Number of protein chains: 2
Amino acid sequence: MEKSQKIIFASDENCPVRRSLNLLGGKWTLLILFQINERIIRYGELKRAIPGISEKMLIQELNFLVEHKFVSKKAYPEIPPRVEYSLTKLGLKTLPIADTLATFGLESLT
Amino acid sequence: MEKSQKIIFASDENCPVRRSLNLLGGKWTLLILFQINERIIRYGELKRAIPGISEKMLIQELNFLVEHKFVSKKAYPEIPPRVEYSLTKLGLKTLPIADTLATFGLESLT
DNA sequence: CTTATTTCTAACTTTTAGGTTAGTACCTTA
DNA sequence: TAAGGTACTAACCTAAAAGTTAGAAATAAG
């Protein structure tokens, strides 16, 4: 049997790995997507789900993810305010990335 | 007021996604691992394979990856010098991550 | 009345990433 | 003689990312 050889191209700015990392390579980005996952989750829940993240970074990332259509946001005109976040169709497609990171962490890191 | 509380699996510092990102979340880290892939590659080749990376960042990341046993390094005592890098067993296990990033980039990014 | 809740904004500081320039060592080629 | 190739290291400085702190707005609970 002939062994199929993987062809690797130079990774310029158009490389899909690089384009993905440009969007998702932030320190918290994939973790936030992973935590939202398939649920509808409020801002405060999300904050508690990611201990250590600052409010600034969380809201900044959420704004970024909403702007780039990974996450959709629904705000209820209530007092105190209630805002729910969930993944869009595009956001759901990022879940395999976080899953692969989780698998690697579980299987290969001490 | 008894209300059933949604159980949230918080991503603290022990979360496998977070542990993986701590090691591999750098701007260039996964891209370098992806480019080395299953080959034995020289420093200069790798540099050409990642247009735009500075020598400082490339060597800095390579040193980090060697130190953390993702990459092995073999230097030949020749003039001009020749240094070959390849993935260790651990490094090979990171390839699915980059592959998932590549798939996402190809399928979901314009 | 005060206090708490929730989501988010703004100003400011610190930390990290990255850019630039220079240089090392030794041999080969022109 | 000089320039080129190769794989780095070091020093310096700027830009970007991330962290810290404070507070607003509206209402309800105490």
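Chain letters run A, B, ... following the sequence lines, proteins first, then strands; residues in each count from 1. Treat the numbers as computed from the prediction; the structure is a model and nothing was measured.
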Nucleotide [N], atom [atom2] - distance to [atom1] of [X] in whole Å:
{"X": "B:K74", "N": "D:dA7", "atom1": "NZ", "atom2": "P", "result": "15 Å"}
{"X": "B:R42", "N": "D:dT6", "atom1": "CZ", "atom2": "P", "result": "7 Å"}
{"X": "A:E84", "N": "C:dT6", "atom1": "CD", "atom2": "P", "result": "14 Å"}
{"X": "A:M57", "N": "D:dA16", "atom1": "CE", "atom2": "P", "result": "15 Å"}
{"X": "B:I59", "N": "C:dG18", "atom1": "CD1", "atom2": "P", "result": "15 Å"}
{"X": "A:K73", "N": "C:dT6", "atom1": "NZ", "atom2": "C1'", "result": "13 Å"}
{"X": "B:Y76", "N": "C:dA25", "atom1": "OH", "atom2": "P", "result": "25 Å"}
{"X": "B:L58", "N": "D:dC8", "atom1": "CG", "atom2": "P", "result": "9 Å"}

key: Polar pair under 3.5 Å, donor/acceptor by atom type, side chain B:E55, base D:dC8   =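 Indeed, a donor on one side and an acceptor on the other fall under 3.5 Å apart.
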Assess whether one donor atom and one acceptor atom, taken from the side chain of B:K56 and the base of C:dG19, lie less than 3.5 Å apart.
->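 Indeed there is one.
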Salt-bridged, A:R18 to A:E13, with N to O below 4.0 Å?
->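 Yes.
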Query - Cationic N near anionic O, under 4.0 Å, B:K47 to B:E45 - result: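 The answer is no: the pair does not qualify as a salt bridge.
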DNA chain C: 5'-proximal contact among B:K27 and A:L62 (nearest heavy atom)
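Closer to the 5' end of DNA chain C: A:L62.
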**OP:** Indicate, with a heavy-atom threshold strictly under 4.0 Å, whether A:K47 touches base, sugar-phosphate, or nothing.
**Re:**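 No contact at all - A:K47 keeps every heavy atom at 4.0 Å or more from the nucleic acid.
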Exercise. Using a heavy-atom cut-off of under 4.0 Å over every strand shown, decide if B:Y85 touches base, sugar-phosphate, or nothing.
Key: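 Touches sugar-phosphate only.
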Heavy atoms from C-beta onward define the side chain here; which of [options] lies closest to that of [X]?
{"X": "B:S54", "options": "C:dG19, C:dA17, D:dC8", "answer": "C:dG19"}
{"X": "B:Y43", "options": "C:dA17, C:dT7, D:dA7", "answer": "D:dA7"}
{"X": "A:P80", "options": "C:dC8, D:dC8, C:dT6", "answer": "C:dT6"}

Quiz prompt | Contact check, side chains of B:F70 and B:L62, non-hydrogen atoms, under 4.5 Å | solution =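 When only atoms from C-beta onward are counted, B:L62 and B:F70 do not touch, as no gap falls below 4.5 Å.
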Between A:S72 and A:T88, is there a side-chain donor-acceptor contact under 3.5 Å, judged purely by atom types and distance?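 Distance-only check fails for A:T88 and A:S72.
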(Q) Any side-chain N or O of A:N63 below 4.0 angstrom from OP1/OP2 of C:dT9? (A)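 It does, given that an N or O in the side chain of A:N63 lies less than 4.0 Å from OP1 or OP2 of C:dT9.
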### Message
Looking at B:W28, I'd like to know whether one of its side-chain N or O atoms comes within less than 4.0 Å of OP1 or OP2 on C:dT16.
### Response
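It does not, given that no N or O in the side chain of B:W28 lies less than 4.0 Å from OP1 or OP2 of C:dT16.
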key: Closest-nucleotide ordering on DNA chain D, the 5'-leading residue of A:G52 and A:P81   =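 Whichever sits nearer the 5' end wins; that is A:G52.
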Report task. Please step through salt bridge (charged side-chain N to carboxylate O under 4.0 Å, His left out) for the pair B:E84 and B:K73, ending with a clear verdict. Result -> CA-CA 6 Å; B:E84 289 178 347; B:K73 170 179 177 174; over 6 Å; no
